[in-house]
Amino acid sequence: MNQIIRQAFADAQAAFPFVIAQGRNIETRIYQRRYPTFNYGAHVPVVTEGNAWAIGTTFFTVDTAGEAKFLSGAGTDMPFNQATKDMASHDFAMIGSGWEWNLEEVNQAALTAST
């Protein structure tokens with residue numbers, strides 16, 4: 001009969017590779033979930049110019065239509081373009097998302113980073 005005998009680690013330094021490997025296995029399983037791609041830029045407008053604390057922004061748009069043609073100096077059939085102008089505004093909203101850490105998690109991270 002084969003029997004696996006596990007000895008206790010002599011000290012924390014000897015146990016460290018085992019602990020890191022176990023933590024890494026758990027970590028990769030957490031982040032293996034696949035999510036569909038999402039184009040945030042197409043659905044969430046982001047304006048980076050202007051004051052960071054402005055309450056909104058105003059947009060001016062111009063739509064033009066027309067066609068240029070070669071003309072004779074004596075021609076009277078000048079093509080004219082058309083332009084429509086519009087103004088719109090969009091209010092800003094502040095959103096946030098964060099993580100919480102406790103003292104134990106911060107110290108464990110510091111221990112891992114220092115090796």
Side-chain angles (χ1 to χ4, degrees):
M1 169 167 85
N2 290 343
Q3 192 175 30
I4 298 174
I5 300 172
R6 294 186 185 249
Q7 291 183 323
F9 294 106
D11 56 16
Q13 187 170 357
F16 190 69
F18 172 78
V19 172
I20 292 297
Q22 293 304 309
R24 183 60 65 194
N25 288 335
I26 294 168
E27 184 100 5
T28 56
R29 288 191 184 119
I30 291 171
Y31 291 106
Q32 282 181 347
R33 177 177 285 171
R34 300 282 184 202
Y35 294 98
T37 58
F38 184 77
N39 184 356
Y40 289 97
H43 301 284
V44 180
V46 177
V47 177
T48 57
E49 66 271 358
N51 191 306
W53 296 106
I55 60 171
T57 189
T58 300
F59 301 93
F60 296 96
T61 59
V62 177
D63 290 326
T64 59
E67 180 181 6
K69 295 182 180 178
F70 290 102
L71 300 174
S72 163
T76 59
D77 58 344
M78 173 68 75
F80 291 99
N81 295 328
Q82 295 178 344
T84 56
K85 299 176 185 174
D86 198 5
M87 180 181 83
S89 63
H90 183 73
D91 294 336
F92 296 152
M94 182 178 289
I95 61 173
S97 178
W99 298 95
E100 291 184 22
W101 299 283
N102 62 37
L103 187 59
E104 178 186 12
E105 292 169 328
V106 171
N107 283 309
Q108 286 176 354
L111 176 66
T112 303
S114 67
T115 59

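Here the structure is a predicted model, which is why all the values come from computation and not from measurement.
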query = Just how far is it from atom CG of L71 to atom OG1 of T76, taken to the nearest 0.5 Å?
reply = 9.5 Å
ask   = Does some side-chain heavy atom of T61 sit less than 4.5 Å from a side-chain heavy atom of T84?
value = no
message = Check whether E105 reaches the backbone of N102 with its side chain - one donor and one acceptor, N or O, closer than 3.5 Å.
response = yes
Same apolar cluster: V106 and W99, side chain cutoff 4.5 Å = yes
query = If you take all heavy atoms of N81 and G66, which pair is closest and at what distance?
reply = OD1-CA, 3.1 Å
ask   = OG1 of T64 to NZ of K85: how many Å apart, nearest 0.5 Å?
value = 11.0 Å
Spatial distance of atom OG1 (T58) from atom NE2 (H90) [nearest 0.5 Å] = 11.5 Å
